[in-house]
Amino acid sequence: MNRQSAVDRIETLREQIRYHDHMYYVLDAPELSDAEYDALFRELQGLEALFPDLRTGDSPTQRVGGEPLGSFPSVQHEAPMLSLESDQDEEALRRFTDRVERGLDNPSRLAWVVEPKLDGLSIELVYEHGLLARASTRGDGLRGEGITENARTMRSVPLRLRDDARPVPELLAVRGEVIIRVDAFEDLNERLISEERPPFANPRNAAAGSLRQLDPRITASRPLEAYAYDVLASSGLDVSTQWETLQALRDWGFLVNDYSERAADADEILAYHARIDAGREDLPFEIDGVVIKLDDLEAREELGFTSRHPRWAFAFKFPPRVEQTRIERILASVGRTGVVTPVAIMEPVNIGGVTVTRASLHNREELARKDVRPGDLVRIQRAGDVVPQVLGRVEEPDRERGPAFRMPRTCPSCDTELVERGPFTVCPNSFGCRAQLKGRIQYFGSRGALDIEGLGEETARLLVDEDLVERLPDLLDLTVEQLVELEGFADLSAGNLVAAIEAASKPELHRFLAALGIPEVGGAVSRSLARHFGTLDAILAADEDALTDVEGVGPIMAARIVSFFGEPHNAENIARLRERMQVQAAETAPVGGALEGKTFVFTGGMESMSRGAAKKRAEALGAKVTGSVSKKTDYVVAGADPGSKLNKAVDLGIPVLDEAGFMKLLEEADE
Ligand code: IVH
């Protein structure tokens with residue numbers, strides 16, 4: 001391919017990829033399959049490898065580049081990033097709208113835009129001539145941390161503004177909010193836990209912690225999204241209202257909140273606030289109120305700013321989901337894996353419509369750090385679906401505090417001496433401890449596992465206390481006659497539970513795996529295992545090496561899995577469960593290596609390994625390596641000083657990988 005056709009093709013590919021990124025990450029309406037998108041992306045990578053001088057910073061291939069930073073540079077904002085006047089009372093809102101009305105010469109300009117107040121962190125994105133020039137966190141409002149490399153990794157942040165619907169201003173500084181959606185937050189935490197790393201307390205912390213990473217590759221692996229809602233500064237911008245600004249931001253390719261609306265007066269604002277509050281739990285992201293903005297931009301200028309706030313906007317907050325209550329006592333609760341957790345039992349308190357009486361204090365170290373004791377007044381937070389948290393103690397100088405809670409030495413359930421594992425305290429009596437068995441039963445029937453309706457905490461407790469279940473497989477032998485004897489059970493409920501257990505006895509493989517409660521193996525890993533191995537026998541036979549080939553399984557987890565299956569009680573339980581259940585086989589990814597059936601040609605030298613080694617790696621994953629390029633070639637890997645094979649590949653339209661692209665492919669195939 002000659003240079004001019006490469007220039008043309010590269011431009012076309014970039015436009016196509018930008019378009020599809022926008023469809024996927026902003027409009028949530030993908031048009032291509034992953035494979036089709038990957039083909040475009042790889043072709044672009046190949047051409048950029050062939051003509052490295054055509055590689056530009058705004059190319060979609062350049063979202064992650066460079067090395068980790070030593071620290072974040074300090075960056076001055078284009079205009080101060082102010083905060084908002086805020087309150088949660090209707091009266092305060094009415095005072096605000098009245099004040100604005102009085103401040104305006106021409107009240108016909110009084111119209112509002114109302115937007116959800118996203119609970120994330122505020123960033124500035126600066127575009128020069130349509131290209132992302134820098135990004136920063138809010139910092140002290142005047143200067144923030146330069147996080148340009150990290151912002152580039154978010155696919156909802158355009159690297160280049162779209163100019164098809166409206167012209168792009170010379171300078172554009174956009175303010176927005178970086179968040180993680182609630183479902184993505186839960187997946188992220190599950191992933192962190194499976195990697196034995198500490199999870200985040202709430203989506204806001206997860207967003208902040210992920211954006212403020214010195215290594216952009218870590219940020220790139222986190223499900224961050226950036227919503228744009230304000231133009232901080234611009235030159236050459238022609239809009240006259242906030243509503244138009246939001247439309248312009250959409251046109252330029254930003255993600256803009258679709259829940260924003262217009263409101264005529266305080267009553268409409270209140271109605272919007274009430275509506276959003278009522279639907280809050282169902283929103284995909286966390287919000288802590290709504291923001292009210294004067295729509296007319298000239299009217300805004302008329303009003304101006306105080307030293308801290310614009311006079312034309314107001315944050316109308318929801319009642320906080322933080323409340324105070326007193327700890328009645330702290331108890332040690334034994335979970336299904338034997339971990340003993342200190343739990344605070346509190347005077348009931350209503351937090352955002354939900355009555356809270358218990359909160360986990362996590363472990364010995366966390367308890368010592370928070371130093372909360374029975375009798376203390378504490379602040380409790382409820383965030384999304386996450387378990388309530390004890391934020392900390394409220395100082396009461398005049399009250400004498402009681403003694404600190406000490407973790408017991410022996411298991412509160414089976415009296416076995418407890419052992420310490422890092423910050424955790426553990427009951428080692430895995431198979432004799434009734435508390436652990438109750439936890440396992442409850443987990444067995446939980447939604448992510450076998451989803452057995454009626455097998456909750458209370459039933460699990462009764463089944464164990466009344467000696468109906470001594471080992472997990474006993475569950476499958478329960479009869480209606482036995483259950484009706486239990487407190488709270490009648491013919492109908494007993495019949496329903498037996499039927500529900502029966503209905504769960506032909507489980508999908510991943511559900512069965514999840515139900516076993518292998519430490520650290522949650523829903524996502526169970527799915528990966530099922531997809532990778534296909535049958536329970538294959539999983540039981542796998543050694544640590546084979547397990548680490550599975551996506552999401554590292555060496556520590558692989559060792560845990562092998563030791564779980566090797567433990568005689570577990571092996572016997574599984575065997576007995578299988579006598580009574582028919583575990584379904586799963587559909588697997590194509591057998592053999594991940595590169596099975598693919599033909600590779602190498603040309604030019606590589607930096608990180610010899611060509612021979614590269615060939616071996618590819619072959620180990622099932623690929624065939626040949627010496628000449630033909631239509632049957634799937635990939636050409638071009639290192640330094642590639643030969644004519646590269647030209648031939650480009651002529652034939654065969655995807656070309658540079659060394660980094662090849663390494664990435666190996667990594668993906670290795671997962
Ligand atoms: S407007 C001058 N709109 O809430 C304009 N803020 O203090 C200032 N926030 O720090 C911001 N969603 O991080 C605006 N739709 C929205 C918002 C929003 C969330 C945050 C922002 C700001 C804080 C208010």
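Read the numbers this way: they start at 1 and go in the same order the structure lists the ligands and their atoms. Quick caveat, the model's predicted, so the values are computed rather than measured.
Taking a 4.0 Å cut-off on heavy atoms, A313 fails to register as neighbouring ligand 1. At least one heavy atom of R175 sits under 4.0 Å from some atom of ligand 1. The closest approach between P116 and ligand 1 falls below 4.0 Å for a heavy atom of the residue.
In this structure, E667 does not pair ionically with K664, as no charged nitrogen and carboxylate oxygen lie closer than 4.0 Å. Classification of R94 and E90 as a salt-bridged pair holds, one side-chain N sitting under 4.0 Å from a carboxylate O. Residues D215 and R217 are paired through a salt bridge, judged by an N-O separation under 4.0 Å between the basic side chain and the carboxylate.
At least one N or O atom of L118, backbone or side chain, sits closer than 3.5 Å to an N or O atom of ligand 1. Between E115 and ligand 1, an N or O atom pair is found at a separation short of 3.5 Å. Ligand 1 has no nitrogen or oxygen under 3.5 angstrom from a nitrogen or oxygen of P310. Looking at R138 next to ligand 1, no N or O pair under 3.5 Å apart turns up. The distance criterion of under 3.5 Å between nitrogen or oxygen atoms is not met by W312 with respect to ligand 1.
Closest to atom 14 (C) of ligand 1 among all protein heavy atoms lies Y229 CE1, 3.2 Å. For atom 20 (C) of ligand 1, the closest heavy atom belonging to the protein is E177 OE1, 3.6 Å. The nearest protein atom to atom 7 (O) of ligand 1, hydrogens excluded, is given as L84 N, 3.0 Å; this is a heavy-atom distance.
Numbered from 1 in the order shown, with element, the atoms of ligand 1 that lie under 4.0 Å from a heavy atom of S83 read 7 (O).
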Name every donor-acceptor pair, under 3.5 Å, that has one atom in a side chain of residues 163-172 and the other anywhere in the protein, sequence neighbours excluded.
from : atom 1 : to   : atom 2 : distance (Å)
D164 : OD2    : R162 : NH2    : 3.3
R166 : NE     : D251 : OD2    : 3.0
R166 : NH2    : D251 : OD2    : 3.1

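With a 4.0 Å heavy-atom cut-off, ligand 1 is reached by the backbone of K117 and by its side chain too. At a 4.0 Å heavy-atom cut-off, ligand 1 touches V291 through the side chain alone.
Here the two rings, on Y272 and W112, have centers that are 6.0 Å apart or farther. With ring centers used as reference points, F254 lies under 6.0 Å from Y127. Taking the centre of each ring, Y24 and Y37 stay at or above the 6.0 Å mark.
Residues passing the ring-ring contact (aromatic ring centres under 6.0 Å, His included) test with H273, sequence neighbours excluded: F316, F318.
Side-chain contact check for P60 versus R14: some heavy-atom pair is nearer than 4.5 Å.
Scanning M81, K293, R300, R308 for the heavy atom closest to atom 3 (N) of ligand 1 points to K293.
Closest approach of F305 and P310 over heavy atoms only: CD2-CA, 3.5 Å.
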